[in-house]
Each structure stands twice: as structure tokens, then as C-alpha cells.
Amino acid sequence: MNRLLVSPSPHIHAPVSTRSLMRDVVIALMPAVLVSVVFYGWSELLVLGVSVASCVLLEYLVTRFLMKKPSTIGDLSAVVTGILLALNLPSTTPWWVVFIGAVMAICVAKMTFGGLGQNVFNPAIAGRVFLLISFPTYMTHWEMPKGLFGADAVTGATPLGVVKEGLLQGGKLSELISPDYLQMLLTNIGGSAGEISALALLAGFVYLLARRVIRPHITLSIWVTVAVVALVFWLVNPERFTGPVFNLLTGGMILGSCFMATDYVTSPMSVLGGIIYGVGIGFITMMIRYFGSYPEGMSFAILLMNAVVPLLNRAFHQKKYGRA
Amino acid sequence: MNRTFSIGGVHPHDSKISRECAIEPLPIPETVWISVAQHIGAPAKPIVAVGDTVKVGQPIAEPGGFVSAYIHSSVSGTVKSIAPRKDLAGNAQLCIEIQVEGDEWLESIDRSDILKTDFTDDNKAIVEKIRQGGVVGLGGATFPTHVKLTPPPGKVCERLIINGCECEPYLTSDYRTLLEKGREVVVGTAILKQVLGVDTATIAVEENKPEAIAYLNKLLPEMRKISTKYAGISVMSLRKRYPQGGEKQLIDAVMHRQVKSGGLPIDVGAVVQNVATALAVYDAVQKNKPIIDNSVTVTGECFPRQANLLVRVGTPLQYIIDYLGGFPAEAVKVISGGPMMGKAISNLDAATVKGTSALLFLTEKQTRRAPESNCIRCGRCAEACPMGLEPFLLNPLARAGMTDELEKNAVQDCIECGCCLYSCPANIPLLDSIRQAKAQVMGILRARAAAAKAAAGK
Amino acid sequence: MSQTIIWTIAILTVLGLLLAIILWFIAERFKVVEDPRIDEVEKVMPGANCGGCGFAGCRAFADSAVKAPNLDNHYCPVGGNEVMQKVAAILGHEVKEKAPMVAVVRCNGTCEARPTVNDYDGLASCKVKAALYAGDTGCSFGCLGCGDCVNACTFGALSMDPVTGLPVVDETKCTACGACAKACPKGIIELRPKGPRGMRMYVSCVNKDKGPAVKKACANACIGCSLCEKTCTHGAIVFENNVAYIDPSKCKLCRECEAFCPTGAIHAVNFPKPLDAAAVKARVQERKKKAAEAAAAAKAAQEAPAKPIEKEA
């Protein structure tokens, strides 16, 4: 007979672990990864490879040699950070810039706070924003999608970049762009790798919802806010401000709202807090897009709202049984 | 869509692998050890001496206070000793050891299977019979039933809820009781209904037991024809969700009312009794049969033979295991009760008590806890908590011993259902520390209430 | 340009003054008048805020001490007599000297002597474990080994011995604040007088079970044989619930009980020499023999006078 095992209840556990949740996120990101590799080719594969490998390696080194604890790479969170970081970078980013982004993401934004769960800011976004500020040339140098075996790369600006540049020079919107929304939804928007296909990202988002990995309230509140803000401004002056559909489908909107803003660690715990957080992200994004000097504001908005999360967690609690 | 409770909850796998096993009586062991502390409240006081001969059903210990219960001999034989013996947690409890000789019952007990549907209108006599029968709540808390049937003055009961949810995985004894003793349960329900003076009684069953629901639905119209006493009893099918059988959750599910923190079900007009308790009430009132046995589910994927046994109170666990083919090789944990709220047994020499509803065997793979990792703040614990608490917040507070903050965040409302720990992807032992903190805060609250009472008394 | 500078300076100055005035008003409005002696007392306190005195911290102690009519109910175990003299001087009270104390772990159920009989798989906390069940060894009274006492100690005086699985007290660091004793759900840790030159004796077991059960559970336990009680000539050993307890106020450190203890449950610490058990046993036996002879002689003497009388008659 075995020695009896004794522990407090409960004695069974749901088939869920940090690792399984992260694995689901990786699976959910696969359509976007595939599309980006197909459209940007080997250079994108290199960015992805360097990003994931350096994130995992850095986390291993930091946990084993600086924190002197068992390595935590098994939870796959570093893989998720690596993929998200890569999807946030242009495919033309040199490998060493990617590596610096990974150092920022893992070593500074994640591990200095104590590792997964302790960080205040989303590591991938922190890495991206650091690179955006430090290496603006590399980070705004977009390659037009060309396909895995396509000809030489053509570089260009993202739709949002085109708009910002044109408006700054006093142009009118109707002259600057003639957006093809269907194409935006499917493929072929210039931008960082992860922005290429809204549909691929949405497929991953639906997978996460179906697997109950995340709840939809944050993402939906971002979308609603962006749509409402854009609609109001667009109705006021359609020549100066872009419309809601354009704003929902361009830039890092889908990637950010589905995968970055919903990061467990850096989003509020309560549903109400999450909605406020989402509204904040949507509003700040639109303000930066309309009035800021950067064409895209998603990552700044998420980063700013990350800082507010502890306050939201303090202010909003979930409804308790039998208490008014 | 069937009703359910409004906050939290989880969906563990059903695993009711013993559902087709009919209840079979377990042969009487050679010796039984009957604990005098098998209910909530004061331990009972032995009223027999070593060397006395006792019959089945004879009281051997009397209540040690108002909240206490009679204890009866479950066998006939000679009292061999009255001494402390280790219970299933290894702690010493006073037990009455009886050497079994034959199976001689008290003459007053009606041992026939004939259904007695007629019962007296004298509620006082009924409550006294329930008290004499040593009936306690068999849903897990083992709270003396006669106390629950004496609501505090000024409180009116509107609905009696008979808890047939059996929301814990693996457990099937209530389900089998409903199928095999449905009529008796209904009579017990009618008795309870009359004592409480309510018009409606709801037998709440989860939808994963359609056979039981169908059987009761067939039965109730027949019973109503017999007497008007059976009017107002109905079956309610509830969505499958754990912890639906929790008293507060069940009231929320059935009546859409929530018991205030620190309050009792009667405050919202509800009294909840378990199916097995209703059967025990029938036995005590109609058959003069006190609680001397109870049905126990013996189950687990690794266990060679699934069974629902009718076990005499005080039967050593080892005897039950041996009867069913011995301790399975792969099993590492034996649980008294279900896998979510049951207690792990550290001592197989211990004997069963009235509240023992199951013996569950789990393997290393099923039950060994994975190592704890960092909280990833996913909020699954808070999402799962049926009381709307935030375990991710309570856990660090508990470990830091911050009782004021714990009280503010309602740790005292915790019902210890285990949903938080069950659903934590980081395997943080949330409930371990929260349960501890709850006990601490409850102690503080009790001391404060006592001080306030003393001050008011002056 | 210069205008900008002047404006900046002017605005900042005005702003600063304004805020300063507001701050001053608030400070005046919410000023709390305190007895200045509270600060003085707090200054001489050790400042560990350990709560060993029974108050929330050093300040709470000082506050209470200033208000109290005497210092009978106030004692800082960390600062000891030295600090209490200072406190008494400030407040104009007198305090009695107290013997210095130390935390003593009264369980010697090492991993070897007290094998585990089941596996505990919950939070590593003695409180949680104790609330759950009797423990993973056969002994339901002994150390649970999860180190709640170690976590409770703010002075780093306790550590778990990985070999024995028991907590070890570092006497030089222990301040006898009592936090560990409060943290232990089994009540194993006791504050005992340090004794002359640190020498003290104690029974390192609290198992209340009867002899055979104890023996089965742990090789180092007090089995309740009461040999020590019979040996002790100072009445220092109290025997209750099948377990011996040495009253430190009566113990004369003769180590006779230690020599007779069959399981080594009686511990003597900081003695310069190891115990020569045989010599002590011989000594005690000699004494007993003499006592028996004396008793016999006395008995004989008592009976003896009766006989001559008979003879005379």
C-alpha cells in the first residue's frame, strides 16, 4: 500500500496551467505569424526567430544566474512575449535591434519586477516602444508585403503614416487615401508584421475566446471607444479626421486590442475595471492618432493604461454575494 | 434554460462512475467505534458503561448541549471500551467501542419496508422524534436538524429546499437514495414542510440526474393523491454547476435571493435540508429508526469495484476497503467526501461517522498538487468564487496576516468550496491560506460580538 | 528672455508661499498634542516593533507605558532590564529585575527518530497543517516542521535544521519576544529563563499520549515513565498528562533526571562537561541505598523499642 497523501481540499485541479494558457496564446498567434511569414518572407522569419530565441534565452539566464531560482521558461510566457514583440516590428528590423528590444522586454520590463505576474508594463510593448524611441528610422521603415518568394522589397509607409504625413503637410484626407477596407481586413496593409492581416488576428482572438483563455470585455470596450470617438470626429470634419472603420482596421489596433491589452498581468482584474481600462486605451489611441506627432498610438495607450491598472484594481471589485 | 446561482462557480468533470450501483448493505463488522463528536456543536455524553449490552438503535450518548445530538448504537453487542481513538485526521476523539454480537434491534423500530405516508399533526412530537433519532444534516455540515427546525422567533420560513444537487464530482449516494427511496424522501420532505409551516417545498436536483428528476415527477402526483399533506412539493431541475449544493448558492439558484453576510438562510425565508436528511427524518418519525447507518459512495477510477454501500455508523474504513477488494495499488489519497470539499484521510483505522458520504480514491496523477508558480493575475479565482471574493487579493493578505484588510475584503464569507484553488493556473494554494485567515477573522468577529454583548449586558 | 525668467521666478515664489501657508494651516488644524515623554520612551526602545511586549509596536508600548500608573504590566523582552531601567527613569517608576529568557523548542522528534507515516501536500504552513490533521508523523503533538516559527522571528534567531527537520534557536540572537511561541500551533516553543551561564534543563517533548503509543511514534519522546520525577530531590519535575515538565524555578541543574531518562527526552544545555550518566546513576543509587538503609534503620529503631518493652513485661 502507498503512503497516504494528505492535503487540504480541493483534491482535484482544473486542466489548466500557466503553461497551457500561454500555449493557447501561441496557438492563437499562429495564423498571424503564418500570414506575416508568407507575406514578408525570410526576413520576417529571422525577426521572429531572433525575437523568440532571445526572449527565452534571456529569461533563462536572468532566472538562473541573477535571481538564482529555477528557470521559468517552461511556462512559455517568454515565447509569447517573443512572438508579440516580433509581430510589433517591421520585417526589415536588423537582428541586433530585435535583440535589444528583447533585452528591454524581458530583462527590464519583466524580470526586474520579479518575472511573470509581477511586471507593471506589458513586456512586448515596452520593448517595442523602447525601440520606437531609440531607433525611429528602423522602426518606421516599413516594407510592403511581397510574399515569401516575391521580388525585391519595396518599402513604403503605413496607411496611418501616409495620413499623418499628408495632414501635416496640409493635405486633405480624400486626396491622401482611398481605403480598401476588404483588403485591410484580409491582407496587405503595410506595417509591422502583425498588422498585416486583421482577419488572421481575429481568428486567433476568437480561438482565445472559445478556449476561455480571455474574456472579451477589454477588447470590445476598446473597439467601441475607438469607433465612437472616430465617428464623432469624422462627422465633425471628414477631411481632417479618419473614420471609425479605417481606425479599427489600421495600425496595431487589432493586435493591440486582442493580444496586448488583454494580457492578464497588465490588465485589471474586475470586469468594470477592464472596461474602464479599455475605454482609456481606445481614447488615448485616438487622441494620439488625431493630434499626436506619432501616426500610431496603440502601444503608448496600452503602456499608459498599464500604469493605471493598480489603481483600477484598488477601485473596482467584483460583486460579492449577499453584500450590497 | 435551467436556473443556477448567479456568481462564480466551476464545472469540474462529473466522474459519477458509481451512478449505476444500487445501494447494498455492507455486512456488519466485528467491532464498531462510535465517536461521540460526529456533529457540529457540543460532543455527546456517553450514557452506557463498559460491559453494558446494547441493541441496534439504542441511545448510547445523549446531547451535551442544545446544539448537540443523540448517538445510537449501530449494532448489537457489548460495550468494550469508552476511550479516545484517532479519527480520520489522526486526532483523538472519544469513541464507544462495541463488540458485535448478532443483530438484535430495539423492538420499537419498524424494520419493514412498508411505506408509511400518514404522519401526525403534532409538530412538537415530530421535532422530539427527530431529536431522539439523532438526526443531523447529512449534506456535510452535520448540524443537528432539530435545531434547524426551530427557527428563531420572528423569522418566517417561506420555502423548504431539499438539496439533491450532489454537485460534487464522484458522489452518487444522494442520487441512489432518490432513485431507490424517493417515496420515503418525499414523505420526509412533507414532514419537514409541515414542521416548518411552509406551503412550498422544492426538491432541487441538477440536470445531470435526469432519471431522478423523471422519477420524482412521476412520483409526486401519485403522492399528492394520497393526502393533501403532499401538496406544494415540486422538483426543480438546476443547471450543472459546482458548488450548487452550497446552502447559499442553492437559495440563490432556487429563490433568486441572497443571504446577507453573516446571516442565516431563514433571514431570506429559506430552510435547506439534504436528501439524505429527509430520509433520516422519515426513518426517525415514521419508523422510529434513529441514524444508525448511512449510504456511502465508494469510488474512484483506480478502485476495483464501485459501490454505494449502506454502512453502519462506526464501521472502520479498512473494513469497507477490504470488503470491496482491498486498497488499490495506484491510489495515493483517500478522501472522506467529494474531491472538492472532502477531507483527506490520514488514518484508515478510523471509523465512519454519520456524515461520511463517500470514500474516494485518487491516484497520484489525479490529485498531486503541481508546484506553485507566480500569480499571473488572470483573475480566474475571482471569476470562479461563488461568493464574489477575490482570492488573489486575500491570499497575500492572509500570508501577511493583515486581519483588518482581510475582514474588509470579506474573507469571513468564504464557504471553502475550493473553486479558487481548483481553477488557479499557477497552482497557488489559495484556499489553504484563505481558510486559515477566515478562521482567524471569524475568531476576531466572535470575540467582538461577545464583547458587544457583554457591554450591552452591563 | 529676461522677462520670462523674472515671471517664472515670481510665479514659482508665489506658488511656493501659497502652498507653504496651506500646509501650515493644515498642520495647525490637525495637530495632535502628545505627551513628550512618549517620544523619549520610544527613543530608548529597541525599535524592533516585534510585538513581544504585547503591544502593536514600540510606539504603542511607549504610549501605554506613559499612561500606566506603574510598569508592572510593561516589559520589553527584547531590551530586557537595561531598557526597562531607562524607561523607568524617564517615567519616574521603579521596575523589578527579570531573569533573561530564551526560546526553547520542546520537541526532539527528528526525521530519524520520528519517521513520517504519510505525505503532506499542502501549503507549507504549520497553522494550515495543524488545522487539517494531526500531522505527517505518528506524533500528533510534535513539531510539524513547516517553519512558522522561523517566519515569525524578526531577529533571525530561528532556523530549520535540514537534517533533523526541527527549528534551532540561536541563543545569541534570541530576544525572547515570544513571537515564535505564539506562531507555533502546537505550543512546542516555550520561553524559559536562560539560567546561570546559560545552563538550563528542560524536557524536550510535549506528547500527552500514553507510553506505548508515544514509543511507537518517536524514539526521542517522553514516554511518561516518571523515573525523572522519582529521581528529582528538588520537586522540580511536574508530571501531568503522561509528560514530564521541569519547573525552572525549582530546578537545581543536578542533571540526575537526565541520567535516568530512558529516551533522552531531558535536555541539558550549555553545561561545561558532558554528563557522566554512570557516575550520576551510581551516586543516586548510593544515596537511595543509604536512604533505604536509614529508613530501615529508622523502622528498626521504631520497632526496636517495642521489643524491649515486651521483654520487660
Side-chain angles (χ1 to χ4, degrees), chain A residues 1-23 59-60 62-77 110-119 264-265 269-270 291 293 307-308 310-311 313-315 317-318 320-323, chain C residues 107 109-152 156 159-160 162-166 183-188 207 209 213-221:
Chain A
M1 193 183 106
N2 294 308
R3 277 153 65 97
L4 289 176
L5 193 63
V6 183
S7 68
S9 64
H11 306 286
I12 50 173
H13 195 271
V16 62
S17 64
T18 305
R19 187 192 169 92
S20 78
L21 292 174
M22 293 298 163
R23 192 172 50 222
E59 180 158 328
Y60 178 78
V62 170
T63 44
R64 289 310 304 277
F65 298 105
L66 280 177
M67 299 166 84
K68 308 224 187 302
K69 282 202 285 194
S71 143
T72 51
I73 54 170
D75 64 22
L76 297 182
S77 64
K110 188 177 176 189
M111 300 317 286
T112 39
F113 290 90
L116 181 66
Q118 313 283 316
N119 50 309
Y264 287 143
V265 180
M269 301 285 228
S270 60
F291 303 110
S293 58
V308 186
L311 291 176
N313 278 340
R314 207 167 238 270
H317 296 274
Q318 71 177 49
K320 290 186 171 62
Y321 178 102
R323 282 174 186 254
Chain C
C107 176
T110 57
C111 300
E112 201 182 325
R114 188 177 56 141
T116 56
V117 291
N118 60 59
D119 288 333
Y120 175 67
D121 184 31
L123 182 67
S125 152
C126 303
K127 277 212 176 85
V128 170
K129 200 168 166 182
L132 179 69
Y133 73 131
D136 48 8
T137 66
C139 169
S140 56
F141 298 89
C143 177
L144 294 167
C146 295
D148 278 14
C149 50
V150 176
N151 295 335
S159 58
M160 293 306 286
V163 179
T164 61
L166 296 169
C184 179
K186 294 288 185 186
I188 290 162
N207 193 320
D209 278 340
V214 181
K215 230 174 179 170
K216 204 175 146 198
C218 176
N220 290 350

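If you're wondering where the values come from, they're calculated on a predicted model, not measured in any experiment.
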Flag if over 12 foreign heavy atoms under 6.0 Å of NZ, C:Lys215: no
Mind checking whether C:Tyr133 and A:Ser7 have side chains closer than 4.5 Å, heavy atoms only? no
A:Arg314 atom CZ, over 12 foreign heavy atoms within 6.0 Å: no
Only residue of C:Asn118, C:Asp119, C:Val117 satisfying side chain to side chain contact (heavy atoms under 4.5 Å, CB included) with A:Arg3 is C:Asp119
Here the gap from C:Asp136 atom CG to A:Leu5 atom CG, rounded to the nearest 0.5 Å, amounts to 11.0 Å
Smallest heavy-atom separation, C:Gly122 atom then A:Pro8 atom, equals CA-CD, 3.8 Å
